[in-house]
**Q** 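Questions regarding the structure given below will be posed in turn.
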Amino acid sequence: MSRRCCGRSPTSTSWICDVDTLPAPLGLLAELTHRCPLGCPYCSNPLALEPRADELDTATWRRVFHEAGALGVLQLHLSGGEPALRPDLVDLVAAARAAGLYTNLITSAVGLTEQRLAALVAAGLDHVQVSIQDVDPGEADRIARRPGAFARKRRLAEEAVRLGLPLTVNCVIHRGNIGRIPAIVGLAAALGAGRVEIAHAQYHGWALANRSALMPTPDQVAAARVALEAAREAVRGRLIVEAVMPDHHAGLAKPCLGGWGRRSLNVTPSGLVLPCHAAQTIPGLAFWSVRDQPLDRIWRASPAFAAFRGTDWMREPCASCAWRDRDFGGCRCQALALTGDARATDPACRLSPHHAIVADLATGTDDAPIRWRG
Ligand code: SF4
Ligand code: FES
């Protein structure tokens, strides 16, 4: 096994790694289930969802949380699909608290009652993130494919604040709602959230199938940047505004998840441990399972995590670029989707020989209809 992966070399500018000194991951994303009551067209979960019959049982998740705490993970994100569809969610939160993890529930709010939210708080839940689709109720319910979803989300967000639970509002941005960013920020402030995430759609999974229907125009993106800064100023001191704007329009690659295998790991409903949520799209990677291996060993020794850790795997132009330790060559899954080669420089970077692909996508928006799941 190679010992090179992730730390600063004393003799070069490259990131190297010694598995004995590899830092602990900061976060673990536990995808408790792929089942979901909504049908958003920008869902980045895989096209082939893992069935309920394959989901890890309560005891295995408890063990995983215990192993995560021992490994040094600080934050646990309980996600899905909709994690509230797991009947054992309160037990799982209690297990996470016992493991010393800061626990964040990422929920659509649909299927989560006020009584259950109170039980989750009593079990030790530290934070909740409620997704909204829009500020326009009709449009929000249309995108969620669930009548009444917007009203439900508002009620649960208000209840979270009433219970004293720190609240983040998350809204995925696309061509249809990018003009309403100030109103989305305003809604989060009115709900009493401490943080709002303005997150542009990431083109993986179902979102990739809908890319041409979701991609905003360059003019929309330029206007949204100005509007975002004004909205941020309006709530300064009351609400933290975090924004991920579309990298297709920026000319810069994003350090996807802070670098492959550097900060976080994902556990799928059936127990596979992934460096990122779209990693299974990359051919040739072998993913180890928490059913067979302890989390610590997977983090240190899984070939899938080693594949793109650090900078040694890079080719030019990344290999000799001054930004390689900052953006880590961008997103491997996007590089694969756009060039057919996961080792290529992310075409979002203007230095990529494939950057024209991204430039074409960013300007070539059309009126393609949304493709819905199912
Ligand atoms: Fe980042 Fe690679 Fe572009 Fe340099 S060439 S800025 S390392 S993606
Ligand atoms: Fe996989 Fe970015 S989503 S590396």
Side-chain angles (χ1 to χ4, degrees), residues 5-6 8 12-16 25-29 31 42-47 77 79 106 172 197 199-209 211 214 244-268 272-287 299 302-359 361-362:
C5 51
C6 189
R8 181 70 74 176
S12 83
T13 57
S14 293
W15 282 85
I16 64 164
L26 292 175
L28 184 147
L29 182 76
E31 297 175 359
Y42 46 67
C43 182
S44 58
N45 277 342
L47 294 182
H77 305 282
S79 177
I106 300 174
V172 173
E197 284 182 0
H200 191 82
Q202 302 289 305
Y203 298 111
H204 307 294
W206 204 249
L208 183 58
R211 184 172 55 199
L214 297 171
V244 180
M245 297 304 277
D247 55 4
H248 285 63
H249 301 74
L252 299 171
K254 284 200 290 276
C256 198
L257 292 169
W260 183 277
R262 284 188 70 233
R263 291 192 181 164
S264 61
L265 23 74
N266 286 22
V267 183
T268 73
L272 296 177
V273 186
L274 314 178
C276 71
H277 61 278
Q280 287 168 294
T281 60
I282 300 179
L285 295 184
F287 301 104
W299 175 247
S302 160
F305 277 81
F308 301 111
R309 224 174 218 152
T311 54
D312 285 352
W313 59 271
M314 289 179 174
R315 300 185 185 137
E316 295 297 341
C318 294
S320 60
C321 178
W323 279 76
R324 64 183 174 172
D325 293 336
R326 284 179 255 183
D327 65 22
F328 298 94
C331 176
R332 295 305 86 224
C333 302
Q334 180 158 277
L336 173 77
L338 296 180
T339 73
D341 181 359
R343 292 187 178 274
T345 295
D346 185 340
C349 173
R350 64 170 64 90
L351 301 177
S352 160
H354 302 288
H355 184 57
I357 299 173
V358 162
L361 288 171

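One-based numbering, in listed order, for ligands and for the atoms of each. These figures come from a predicted structure and were not determined experimentally.
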**Q** As an exercise, identify every atom of ligand 2 less than 4.0 angstrom from a heavy atom of Arg332.
**A**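 Checking each atom against Arg332, I get 4 (S).
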**Q** Just checking: Cys333, one of its N/O/S atoms, less than 2.8 Å away from atom 1 (Fe) of ligand 2, yes or no?
**A**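 Here the distance criterion (N, O or S atom, under 2.8 Å) is met by Cys333, so yes.
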**Q** How far is atom 2 (Fe) of ligand 1 from its nearest protein heavy atom, and which residue and atom is that?
**A**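 Answer for atom 2 (Fe) of ligand 1: Cys318 SG, 2.4 Å.
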**Q** Between Arg324 (side chain) and Ala319 (backbone), is there a donor-acceptor pair under 3.5 Å?
**A**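 The answer is yes, because a donor-acceptor pair under 3.5 Å joins these two groups.
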**Q** Below 4.0 angstrom from a heavy atom of Thr345, which ligand 1 atoms are there? Numbered from 1 as shown, please.
**A**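 Heavy-atom distances to Thr345 below 4.0 Å select 2 (Fe), 8 (S).
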**Q** Which ligand 2 atoms are under 4.0 Å away from a heavy-atom of Cys331?
**A**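 Taking each heavy atom of Cys331 in turn, ligand 2 has 2 (Fe), 3 (S), 4 (S) under 4.0 Å.
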**Q** Salt bridge between Asp341 and Arg315, side-chain N to carboxylate O under 4.0 Å?
**A**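 Salt bridge: yes.
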**Q** With a cut-off of 2.8 Å, does Cys276 put an N/O/S atom close enough to atom 1 (Fe) of ligand 2?
**A**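 Checking Cys276: at least one N, O or S atom is under 2.8 Å.
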**Q** Hey, what do you get for CG (Leu29) to CG (Leu274), rounding to the nearest 0.5 Å?
**A**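 Between Leu29 CG and Leu274 CG, I get 9.5 Å after rounding to 0.5 Å.
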**Q** Verify the distance test for Cys321 against atom 4 (Fe) of ligand 1: any N/O/S atom under 2.8 Å, yes or no.
**A**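 Checking atom 4 (Fe) of ligand 1 against Cys321, an N, O or S atom does fall under 2.8 Å.
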**Q** Tell me whether Trp323 contacts the main-chain N or O of Ala253 through its side chain, where contact means a donor paired with an acceptor under 3.5 Å.
**A**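 Side chain of Trp323 to backbone of Ala253: no pair is present.
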**Q** For ligand 2, which atoms sit closer than 4.0 Å to a heavy atom of Cys256?
**A**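 The atoms of ligand 2 under 4.0 Å from a heavy atom of Cys256 are 2 (Fe), 3 (S), 4 (S).
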**Q** Give me the residue, atom name and distance of the protein heavy atom closest to atom 7 (S) of ligand 1.
**A**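 Residue, atom and distance for the closest contact: Asp327 OD1, 3.3 Å.
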**Q** I'd like to check which ligand 1 atoms, numbered from 1 as shown, lie under 4.0 Å from a non-hydrogen atom of Cys349.
**A**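 So the answer, numbered in order with elements, is 3 (Fe), 5 (S), 6 (S), 8 (S).
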**Q** Does only the side chain of His204 get under 4.0 Å from ligand 2, or the backbone, or both, or neither? Count heavy atoms.
**A**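 Only the side chain of His204 comes within reach of ligand 2.
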**Q** Do the side chains of Arg343 and Met314 get nearer than 4.5 Å, heavy atoms only?
**A**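 A side-chain contact is absent here, since even the closest heavy-atom pair is not under 4.5 Å.
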**Q** With no hydrogens and no angle check, is any side-chain donor or acceptor of Asp346 less than 3.5 Å from a backbone partner on Gly329?
**A**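 No, the answer is negative, given that no donor and acceptor are paired below the 3.5 Å cut-off.
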**Q** Identify whether NZ of Lys or CZ of Arg in Arg309 sits under 6.0 Å from the centre of the six-membered ring of Trp299 and within 45° of that ring's axis.
**A**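 Because its charged atom sits under 6.0 Å from the ring centre and within 45° of the axis, Arg309 does stack over Trp299.
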**Q** Determine yes or no for a side-chain-to-main-chain donor-acceptor pair under 3.5 angstrom, with His354 supplying the side chain and Pro347 the backbone.
**A**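 No; zero donor-acceptor contacts below 3.5 Å.
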